[in-house]
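Everything below concerns the one structure shown next.
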Amino acid sequence: MDPLRRLIPLSVTTSSSSSSSSSPFLIVLLTLLFCVANAAAAFDVVPISFDEAYAPLFGDGNGNVVRSANGMGVRLLLDRFSGSGFISSNLYKYGFFSAKIKLPSDYTAGVVVAFYTSNGDVFEKTHDELDIEFLGNIRGKKWRFQTNVYGNGSTSRGREERYTLWFDPTKEFHRYSILWTANNIIFYVDEVPIREIIRNDAMGGDYPAKPMALYATIWDASDWATSGGRYKVNYKYAPFVAEFKDLVLQGCPVDPINQYPAGHCYEKLALLEAQDFSAVTSQRRVAMRRFRQSYMYYSYCYDTVRYAIPPPECVILPSEKERFKDTGRLKFGGSHKRRSRRRGQTPVVSGSVEQPVM
């Protein structure tokens, strides 16, 4: 079954006895299904084995990095003694980083599962970073996730957005991807683009441009991840297990000190930019807009409390803007709180930024 069909709840297929008041809601859902179904053709990617391109980052000594039997996946565990993580064996100047991920179930408050690129080990004060961070929740509440972009150490200018999902990410695997080229950045859930940043001159060094490695981690973020730190990790439910498989890494390895790829990289980067996932087609753009209308609940672009003038990459859509308060949050539901966050127990540490917390 096409995973995108899960955007439509079973109630859509019920008989015509449903009340007429639900018709607008059903129309929106059906339109969303149509849009994402047309954007759902699987990417033409070839998974690689874990040992071919990755290595444990931390937690391996505690047995918290567990390779799958076929070598094509890995399980990351968080227990009361340690979190865990893995890292790509090389740094890349642009690339496509992707994995199918299944998140821990049950009570997961305070738990963060991160899939991100960074060069913080090499450029400690001027690091670049592209984040997908999944934020755990109390039992019965949905996982949420956020994306963020840092360039040249711009951690004081967080560019985070927060969302929910149209499916339960603990039930089965879904593909999450980050495309990073010299011209644009696209975050994907399955084959649906959820966010695009197009590079422009006004961004300057805020656009990530130095070689980065791929990281995946699970860690205790009790101080901020769930309701601003109100709900902590409860190790009664440990170990918390995040599963990764069908890992994809397309790009060209480079020396992190050399800011420009060697000659042999140009062919690989040209091939990368020619891939289907390197551009948002008109059908995918409609799907992205529908996703953002239905599942995005915070955007820095609409947070005029933080940014009186939106950062230069922001594309302000009137239909989106009218849904948000001047705090960047939806006008209906949730509270607006701010907390500083940190990467936690991974060796690569994000700078502290203010976070709007649901």
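These numbers come from a predicted model, not from an experiment. Here, residue 1 is the first one in the sequence, and each next residue gets the next number.
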Q. Shortest non-hydrogen contact from V113 to P104?
A. CG2-CD, 4.2 Å
Q: Establish, yes or no, whether a centroid distance under 6.0 Å links the rings of F43 and Y188.
A: yes
**Q.** Heavy-atom side-chain contact between R195 and R159 under 4.5 Å
**A.** yes
Q: Answer yes or no: does atom CZ of R199 have more than 12 heavy-atom neighbours from other residues, nucleotides or ligands under 6.0 Å?
A: yes
**Q.** Test item: D206 and R157 side chains (from C-beta on) under 4.5 Å apart, heavy atoms
**A.** yes
(Q) Is it true that, when you exclude N70 itself, more than 12 heavy atoms of the residues, nucleotides or ligands shown sit nearer than 6.0 Å to its CG? (A) yes
(Q) Could you measure the distance from the CG atom of D128 to the OG1 atom of T117? Nearest 0.5 Å is fine. (A) 8.0 Å
Q.
Nearest 0.5 Å, please: how far is SG in C301 from CD in E313?
A. 6.0 Å
Q) Can you check whether S84's main-chain N or O pairs, donor with acceptor, with T217's side chain at less than 3.5 Å? A) no
(Q) Can a donor-acceptor pair be found, under 3.5 Å and without considering hydrogens, that links the side chain of N64 to the backbone of S82? (A) yes
Q. For atom NZ of K141, is the number of surrounding heavy atoms from other residues, nucleotides or ligands below 6.0 Å larger than 12?
A. no
Q. Could you give the distance from NZ (K93) to CG (N119), rounded to the nearest 0.5 Å?
A. 10.5 Å
Q: Test side chain to side chain donor-acceptor pair (under 3.5 Å) on E160 and Q146 and set out the steps.
A: CA-CA 6 Å; E160 70 273 19; Q146 65 182 21; over 6 Å; no
Q.
Are F96 and F277 an aromatic pair, judged by ring center distance below 6.0 Å?
A. yes
Q | Ring-face cation contact, Y302 with K325, 6.0 Å cut, 45° max | A | no
Q: Measure the spacing between CZ of F187 and CD1 of I178 and express it to the nearest 0.5 Å.
A: 5.5 Å
Q. So, does S105 use its side chain to make a donor-acceptor pair with the main chain of T170 at under 3.5 Å?
A. no
Q) D79 side chain to F81 main-chain N or O, any donor-acceptor pair under 3.5 Å? A) yes
Q: For this output row, return yes or no: ring centroids of Y237 and Y107 closer than 6.0 angstrom.
A: yes
Q: Begin with the C-alpha distance, continue with both residues' side-chain angles, and end with the deciding distance and a verdict on side chain to side chain donor-acceptor pair (under 3.5 Å) for R75 and S68.
A: CA-CA 7 Å; R75 302 167 75 222; S68 63; over 6 Å; no
Q | Check: F244 ring centre within less than 6.0 Å of F173 ring centre | A | no
Q: Could you check if a side-chain atom of Y176 sits within less than 4.5 angstrom of a side-chain atom of P169, using non-hydrogen atoms only?
A: yes
**Q.** Exam field: side chain D190 to backbone V192, donor-acceptor pair closer than 3.5 Å
**A.** no
Q. Between P310 and I316, is any pair of side-chain heavy atoms under 4.5 Å apart?
A. yes
Q: Given side chain to side chain contact (heavy atoms under 4.5 Å, CB included), test V248 with V46 step by step and report yes or no.
A: CA-CA 7 Å; V248 174; V46 179; over 6 Å; no
Q.
With a sphere of 6.0 Å drawn around CD of E124, does it hold more than 12 non-hydrogen atoms of other residues, nucleotides or ligands?
A. no
Q. Can V112 and F134 be said to form a side chain to side chain contact (heavy atoms under 4.5 Å, CB included), step by step?
A. CA-CA 6 Å; V112 168; F134 302 96; over 6 Å; no
Q) So how far is it from F291 CZ to W166 CH2, rounded to the nearest 0.5 Å? A) 6.0 Å
Q. Is the distance between the ring centroids of Y295 and Y163 under 6.0 Å?
A. no
